[in-house]
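Note that these values count all heavy atoms, side chains included, but never hydrogens, waters or copies made by symmetry. Below, chains carry the letters A, B, ... as their sequence lines are ordered, and counting in each starts from 1.
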Number of protein chains: 2
Amino acid sequence: MARNSQAPRIAKSRVAKSRAGIRPRPGRARNENGNAHSDLTNGEIGLDALAGHAGYAVRRFQIWVFQDFIRTLGAVDIRPTQYSVMTVIGANPGLSQMAVAKRLGIERARLVHLLDSLEQRELVSRVKSATDRRSHALHLTARGRTALAQFKRLAAEHERHVAEKIGKENREKLLQILSDFT
Amino acid sequence: MARNSQAPRIAKSRVAKSRAGIRPRPGRARNENGNAHSDLTNGEIGLDALAGHAGYAVRRFQIWVFQDFIRTLGAVDIRPTQYSVMTVIGANPGLSQMAVAKRLGIERARLVHLLDSLEQRELVSRVKSATDRRSHALHLTARGRTALAQFKRLAAEHERHVAEKIGKENREKLLQILSDFT
DNA sequence: CAACAATTGTTGTCGTCAACAACAATCTTC
DNA sequence: GAAGATTGTTGTTGACGACAACAATTGTTG
């Protein structure tokens, strides 16, 4: 979607927020969540409608998961996206950058930098394709294969942290619910 | 008129999860050349260990959810974080920036810019606190209250999209699983 | 009460990341 | 063989999380 992706940089100062259909609802329209006029008591701050939004919970969860991943794999300096790239290349040697990007939902422009970094660390190599001289066939180096094996062990440890956090069966249920997005 | 071409690009692949058996043998990988011609592998690229990582699925899902949120609330130019801030302020008038930041897991440095933007659009106002002259008491403006009501309606529509995508009961299960993170 | 520590909002920097746009080199196709 | 599409690349923009430093203010403690 090229149009409404995000910031319509024009409408900065005062956007036409006052569209039709806004029921003026005079008086107090707040507080469906119980507290009458809660002030800044830090004890119990209600989320109101936010509590019913899956996106909010998912965002908070993802931040936690990624932080744990980064911490758990901190010793080998591998971030989640790098791990995903290496894993896919390791399981499918010879893929083009376009194929990897499409499979992982990464911009191919972004994959360029990721591969630059991984290639610099001699974990991945770009081999010129003989059949299509535009594209590169991606492979793990020998060092990359050894390293990936260790990354996977650490990633499995991270996954155990996730299971401890939300419960073993909840984690599996989560994977099942979101299987369409992988 | 949007050239919407992004959202559901991944076909639902119900590929076997390669539970315990499929392990990339340390020897030669046989996929060496079978995919020089672009599309041959489009649906056949295995995720290997990635398929068992909740973080990966969650990342992909969150991208989808946020894109839908941004698109659904595109007409009012409200992003997920802005919505969360306004919702919490609306339900808890008078909160300090620190309290809002802590509750939502946002850096207070980042909240400054978010509030600058919302204040500029006259949706939120910073009121100097009488009891603590360091802090601001945050309130929705009259316009902000009206606008938030509309945002909530649009957000509810977005939430219906989520339910359509993953299923009504799956969405509720998801909210339940991740309730600790909200 | 006065030094000292902590908090609050703010500014700034850095790095990651998604989304686009433009480009050269290279297929593909008609 | 020219037009159009694809691949990798460079660059820009903006949202976002993580830090660091700072002034103003509050609180804490000797």
Side-chain angles (χ1 to χ4, degrees), chain A residues 1-10 12 40 42 59-60 62-67 69-71 74 77-85 95-102 104-117 119 126-138, chain B residues 2-7 9 35-39 42 59-60 62-67 69-71 74 77-85 95-102 104-117 119 126-138:
Chain A
M1 95 199 29
R3 201 57 283 124
N4 54 1
S5 60
Q6 51 190 49
R9 52 206 15 96
I10 319 151
K12 247 342 171 203
L40 46 119
N42 45 6
R59 164 181 164 261
R60 300 295 302 263
Q62 205 221 315
I63 290 172
W64 184 90
V65 171
F66 270 48
Q67 280 175 345
F69 187 99
I70 293 168
R71 191 183 333 124
D77 191 23
I78 285 290
R79 312 194 92 250
T81 311
Q82 297 175 309
Y83 174 74
S84 71
V85 168
L95 286 183
S96 69
Q97 298 184 194
M98 192 64 209
V100 170
K102 203 175 291 186
L104 291 177
I106 301 174
E107 289 268 332
R108 66 186 199 278
R110 170 154 170 60
L111 188 58
V112 171
H113 302 300
L114 286 167
L115 289 174
D116 284 349
S117 163
E119 205 171 26
R126 285 187 252 226
V127 180
K128 282 188 227 169
S129 168
T131 62
D132 187 340
R133 278 156 47 201
R134 292 172 303 181
S135 68
H136 296 152
L138 301 175
Chain B
R3 232 330 332 137
N4 188 346
S5 66
Q6 188 134 8
R9 64 160 93 75
N35 33 33
H37 261 298
S38 55
D39 286 328
N42 241 0
R59 164 181 164 263
R60 299 296 301 262
Q62 205 220 313
I63 290 173
W64 184 91
V65 171
F66 270 47
Q67 281 175 344
F69 187 99
I70 293 167
R71 190 184 332 123
D77 191 25
I78 285 290
R79 312 194 96 253
T81 312
Q82 296 175 310
Y83 174 75
S84 70
V85 169
L95 286 182
S96 69
Q97 300 184 194
M98 192 64 208
V100 170
K102 204 174 289 183
L104 291 176
I106 300 175
E107 288 268 332
R108 69 186 199 275
R110 170 151 174 61
L111 188 59
V112 171
H113 303 299
L114 286 167
L115 290 174
D116 285 349
S117 164
E119 205 171 28
R126 284 187 252 224
V127 180
K128 281 187 230 173
S129 167
T131 61
D132 187 339
R133 277 154 48 198
R134 293 171 301 181
S135 67
H136 295 154
L138 301 175

Provide, to the nearest angstrom, the distance between the [atom1] atom belonging to [X] and the [atom2] atom belonging to [N].
X: A/Lys128; N: C/dC27; atom1: NZ; atom2: P; value: 12 Å
X: A/Phe69; N: C/dT16; atom1: CZ; atom2: C1'; value: 15 Å
X: A/Leu111; N: C/dC17; atom1: CG; atom2: P; value: 12 Å
X: A/Ile70; N: C/dT16; atom1: CD1; atom2: P; value: 10 Å
X: B/Arg71; N: D/dA15; atom1: CZ; atom2: P; value: 18 Å
X: A/Glu107; N: C/dC17; atom1: CD; atom2: P; value: 13 Å
X: A/Phe66; N: C/dT16; atom1: CZ; atom2: C1'; value: 11 Å
X: B/Gln62; N: C/dC17; atom1: CD; atom2: P; value: 13 Å

Subject >> Non-neighbouring partners of B/Arg133 that pass side chain to side chain donor-acceptor pair (under 3.5 Å), sequence neighbours left out >> reply: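 Partners of B/Arg133 by the side chain to side chain donor-acceptor pair (under 3.5 Å) criterion come out as none, since no residue qualifies.
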Original post:
Listed by chain and number, what are the side chain to side chain donor-acceptor pair (under 3.5 Å) partners of A/Glu119, not counting sequence neighbours?
Top reply: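 So A/Glu119 forms a side chain to side chain donor-acceptor pair (under 3.5 Å) with A/Arg126.
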Original post:
Is B/Ile63 touching bases, backbone alone, or none of the nucleic acid, heavy atoms closer than 4.0 Å?
Top reply: sugar-phosphate
Original post:
What residues, two or more places apart in sequence or in another chain, satisfy side-chain contact (heavy atoms from CB on, under 4.5 Å) together with A/Thr81?
Top reply: A/Ser84, A/Ile106, A/Arg110, A/Leu114
Original post:
Taking for each residue the nucleotide of DNA chain C with the nearest heavy atom, is it A/Thr81 or A/Ala130 whose nucleotide lies nearer the 5' end?
Top reply: A/Thr81
Subject >> Base-contact (B) and sugar-phosphate-only (S) positions in nucleotides 3-12 of chain C, heavy-atom cut-off under 4.0 Å, - elsewhere >> reply: ---BBBBBBB
**OP:** Could you list the residues that satisfy salt bridge (Lys or Arg N to Asp or Glu O under 4.0 Å) with A/Arg108, not counting sequence neighbours?
**Re:**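 Counting only residues at least two positions away or on another chain, A/Arg108 forms no salt bridge (Lys or Arg N to Asp or Glu O under 4.0 Å).
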Original post:
Residues in salt bridge (Lys or Arg N to Asp or Glu O under 4.0 Å) with A/Arg71, at least two apart?
Top reply: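 Salt bridge (Lys or Arg N to Asp or Glu O under 4.0 Å) check on A/Arg71 returns A/Asp68.
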Original post:
In Watson-Crick or G-U wobble terms, both distances under 3.5 Å, what is the partner of C/dT11?
Top reply: D/dA20
Subject >> B/Ala101 versus B/Glu107, closest heavy-atom pair with distance >> reply: CB-C, 4.3 Å
Original post:
Distance-only, no hydrogens or angles: does the A/Arg60 side chain make a donor-acceptor pair with backbone N or O of B/Leu104 under 3.5 Å?
Top reply: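 It does hold such a pair.
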Original post:
Any side-chain N or O of A/Arg59 under 4.0 Å from OP1/OP2 of D/dC16?
Top reply: no
Original post:
Under 4.0 Å: is that the gap between some side-chain N or O of A/Arg133 and OP1 or OP2 of C/dT26?
Top reply: yes
